[in-house]
Every structure is written in C-alpha cells, then in structure tokens.
A.B. asks: 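Got a structure for you, questions after.
Residue numbers start from 1 in every chain, and the chains themselves are labelled A, B, ... in the order their sequence lines are given, proteins ahead of strands.
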Number of protein chains: 2
Amino acid sequence: MPNSEKTEIVRDKGPEARPLDTFDRTILGELAVDAGLSYAELGSRVGLSAPAVHERVKRLRATGRIRGTVAVLDGPATGKPFLAFVHVDTTGGSKSRTFRALAELPELEEIHSVAGDTCTLLKVRCASSRALEGLLARLYAMPGIKATRSYVVLSTYLERTPQAGITEALEEPPMDEAPR
Amino acid sequence: MPNSEKTEIVRDKGPEARPLDTFDRTILGELAVDAGLSYAELGSRVGLSAPAVHERVKRLRATGRIRGTVAVLDGPATGKPFLAFVHVDTTGGSKSRTFRALAELPELEEIHSVAGDTCTLLKVRCASSRALEGLLARLYAMPGIKATRSYVVLSTYLERTPQAGITEALEEPPMDEAPR
DNA sequence: TGATTGCTCCGAACGTGATTCCTTTCTTCA
DNA sequence: TGAAGAAAGGAATCACGTTCGGAGCAATCA
C-alpha cells in the first residue's frame, strides 16, 4: 500500500511537471478508488513492475497530483447522518476570517466561493437537523451574513473524490459555427 | 499503512455495533486526514499498541465506519481545474436510470436528491467551461430534465471527506422554551 | 463473595511487501 | 554513429503489517 512521504523528499517540480501519460493516469484512476493496493498488484494492473509504479507514485505525490491518502468515513455510521448544502449571501467583509472559523468545525466539509445568485456554498454534514439549526445560528452571528438557503439531502446516489478520467467528448464544439 | 481486507473476514456486525468510544473516534479522526500512518505511529497518537489499533481499525472497517481508503487527487493538477455545482429540476421519471448513466462520467463527483426548490444537486469537476456546457447538453438530452441552474466555483477554501468529530454544542436547544 | 467467561490489550515472532540499489534498455541529441 | 539521460526490471534489504499467546480487567452468575 502506497505509503505517504517516508521516502526522501523529491523536489516539487511545480508547474514544470510532465503532462501525465497513460500509465500515470491509470495509476491515478486505480488509487483514487483504492489506495490500499500493493505496488505489485498496481503494477500488474497497469503493466509495470512494482519498483516502476513505486517510482511513478512517488513522483505523482511530489508533483502534487496526489494530495494525500485518506480513509473515507461513512457519515451515518459515524454519527452524522444529516447532510445539507447551504448557500450563503454575504455582504462585503473579511470572508477569509469567517471561513477560517467555519473550517474549524468538523461538520464543515466544503467551503466554496461561487458565481451565481449567491456568494458562498457550504457542504455540511452533522448529527441532526437540530445541529444544522445550531450551525445556521452561528452563521448568522457572524458579521456580513445576509441570508442563507439550505438544501437538505434526502438521498445520495454518488459521492466520491476527484477521479482521474476525462471525457474528451464533452469538449467537442457544441455548435457547428466553424470556430475559424 | 492500514491495509484493506487481507485479514480474514470479520463478520459484519451490521447495526449491532458498539457506539464508538474515544479511542475509535480518535483513530477515525487521524485516518480521515492521513491513512498512510503506520499502526505504530497511530498507536502512539491514540495511546495504544500497534496490535490494539490494528484490531480496532479492522473492526471499524468491518462495521462500515470506514468505507475504504483512497488517494485524493488534485483537480487542477490532473487536468480538471473547473468545478461547478448544478441544481437540476426534473419532472417525474426514472431518476435512477438517469443517475446511473451520469455516474459513468468521471466528471460527476456527487449526485444527491435534495429537498428545496430543486430536485437534484450535482457536483461536477471537468476540464473547462466548455466541458460543463457539453455535460449540460447531455443532461438536457435525458428524459425528464426540466431546467438547470449552475454555480461555478471561483475558489475553494475547504474540501475534505467526512470528519470524525462532532460539535456537541450545535445540538443545544436553540430556544429556551423548556421541552419539559 | 468468589469463580468463570469474555473482551481487550500488550510483547514478541513471523512473513509479506515496501524500498533501494544496480544493471539494462530505449530514446534523444550532438 | 556515439554519448547521455531517463526509465524499467530484477534482486536484495529492511521496515511494517499481521498473527499468536498470555495477562489484566470487567461483568455475570452461583
């Protein structure tokens, strides 16, 4: 199972990283689904030896393609069966201070600044609707919070971390008005 | 590093599982942040020996508290810098067929059925705004899709998988109208 | 109160797999 | 055509996951 750091630090290449060949993308695809694979198994799936995939995974970590490996907890099974998305309207003000305070709560899973009819989108997972109420109360106690609109999740059909695959077909020009 | 299965199958206790003591919750908290910890390191952090935490992690897996361990990929670094949430209005119809088709796309990260002024909420990560356009085009080609409203993410301040912690204070009664 | 049962923890030993080293091969550039 | 760099494979080493046996502890029941 691909270990975190532990190997000597490989200098972060930053933006000068190469463009991800097929091997890399296959490795990423496998690890995004199950990071508990042995290098031998991973190697046989992508068609490389264990040391070779080890080298590539090390590089994928060093270049920031892999941010880390985590255990995925089950919300309901760990006491937080209640999931909601909260749109927030804010008036100007120091959003980063507010966000930092929110991020302290383990109930907050995502905080995005979005374009649309609201400013901010939160993903909240908590124990009950009462806990959401408590969270909203805290929200309104913060400066610059104008309004919220909550979407309570009734059932979840899919929930996963970023995947490696890219559907090329989505990029095709939608209209046939010859770009040039 | 906590391995997946591999150990003999421990009978899934289903709902009869115990209520998660402090050790369990600490272990979950650590693994939700970094699943690459060795059992020895994990043990020293929670105050147990390696075999003891191994036993507990095995149980946490068997009882479904831990759904799996995955590598967290970086969207921009893997070619998908564009993130959006799409609210979808559907008229009755077989949603599960539609959802299954959508889940095939690696661009789809989340599909929730929600309560509110829309029916469904999608989280989409793709290569560009054009790809989102292509995805919306596919959406409208599906039966029962009435309207969509998209929120394009400008910047992400927090994004993580479910955490183990629970903020008890959120559960406190919001009003002082003595329940009894 | 005392004995028994079950559970969980720890120390030590074992085996597997991660990690490294080195050689070979392929590609690229002079 | 020759040289240099990168990358993959094979083998060896080493760390860690995993198991085993025993001890401590709490709860149950006689």
Side-chain angles (χ1 to χ4, degrees), chain A residues 1-63 65-66 68-72, chain B residues 1-63 65-66 68-72:
Chain A
M1 51 303 273
N3 204 335
S4 333
E5 32 287 327
K6 172 64 62 61
T7 318
E8 81 280 5
I9 290 87
V10 180
R11 221 34 243 129
D12 189 332
K13 310 272 186 50
E16 66 115 327
R18 292 103 41 86
L20 284 189
D21 62 13
T22 306
F23 283 140
D24 290 325
R25 206 163 276 282
T26 309
I27 291 171
L28 289 176
E30 294 290 336
L31 292 184
V33 173
D34 183 5
L37 289 174
S38 74
Y39 283 119
E41 171 64 22
L42 186 55
S44 78
R45 291 193 190 182
V46 307
L48 289 175
S49 70
V53 293
H54 177 248
E55 184 66 28
R56 280 177 179 267
V57 171
K58 192 163 56 174
R59 190 164 53 211
L60 290 170
R61 287 184 180 283
T63 54
R65 269 67 179 268
I66 296 178
T69 82
V70 303
V72 180
Chain B
M1 49 306 264
N3 203 337
S4 333
E5 33 287 328
K6 169 65 62 58
T7 317
E8 80 281 5
I9 289 88
V10 180
R11 222 32 245 130
D12 189 332
K13 308 269 186 52
E16 67 117 326
R18 292 105 40 88
L20 285 187
D21 63 11
T22 305
F23 283 141
D24 289 325
R25 206 162 277 284
T26 309
I27 291 173
L28 289 176
E30 294 290 336
L31 292 183
V33 173
D34 183 4
L37 288 175
S38 73
Y39 282 120
E41 172 64 23
L42 186 55
S44 77
R45 291 194 190 182
V46 307
L48 287 177
S49 71
V53 293
H54 176 248
E55 184 66 27
R56 281 176 179 268
V57 171
K58 190 163 59 176
R59 190 165 52 213
L60 290 171
R61 287 183 180 284
T63 55
R65 269 67 177 271
I66 297 178
T69 82
V70 305
V72 180

A.B. asks: Measure from CG on L42(A) to P on dT19(C) and round the result to the nearest Å.
C.D. replies: 13 Å
A.B. asks: May I have the distance from R61(B) (atom CZ) to dT18(D) (atom C1'), rounded to whole angstrom?
C.D. replies: 14 Å
A.B. asks: Within this structure, what is the CG-to-P distance between L48(B) and dC9(C), rounded to whole angstrom?
C.D. replies: 5 Å
A.B. asks: Separation of E55(B) atom CD from dG21(D) atom P, in whole Å?
C.D. replies: 15 Å
A.B. asks: Rounded to whole angstrom units, what separation is found between the CG atom of L37(B) and the C1' atom of dA15(D)?
C.D. replies: 16 Å
A.B. asks: Atom CG in L42(A), atom CG in L48(A): separation rounded to 0.5 Å?
C.D. replies: 8.5 Å
A.B. asks: Any salt bridge linking R59(B) with E55(B)? Criterion: basic side-chain nitrogen under 4.0 Å from a carboxylate oxygen.
C.D. replies: no
A.B. asks: In whole angstrom, give the distance that lies between atom CG of D21(A) and atom C1' of dT27(C).
C.D. replies: 14 Å
A.B. asks: So do V46(A) and R56(A) actually touch side chain to side chain, heavy atoms under 4.5 Å?
C.D. replies: no
A.B. asks: Picking from dA12(C), dC9(C), dA8(D), which would you name as closest to the side chain of S49(A)?
C.D. replies: dA8(D)
A.B. asks: Of the candidate nucleotides dG9(D), dC10(C), dT8(C), which contains the atom at the shortest distance from the side chain of A52(B)?
C.D. replies: dC10(C)
A.B. asks: dC10(C) P sits how many Å from Y39(B) OH, rounded?
C.D. replies: 15 Å
A.B. asks: Side chains of L60(A) and L31(A): closer than 4.5 Å at any heavy-atom pair?
C.D. replies: no
A.B. asks: Which of the following nucleotides, dT19(D), dT8(C), dA7(D), is nearest to the side chain of K58(B)?
C.D. replies: dT19(D)
A.B. asks: Between R56(B) (CZ) and dT18(D) (P), how many Å, whole number?
C.D. replies: 17 Å
A.B. asks: Please determine, for the side chain of P51(A), which listed nucleotide (dG9(D), dA7(D), dC16(D)) has the closest atom?
C.D. replies: dG9(D)
A.B. asks: Report yes if at least one side-chain N or O of H54(A) is closer than 4.0 Å to OP1 or OP2 of dA18(C); otherwise report no.
C.D. replies: no
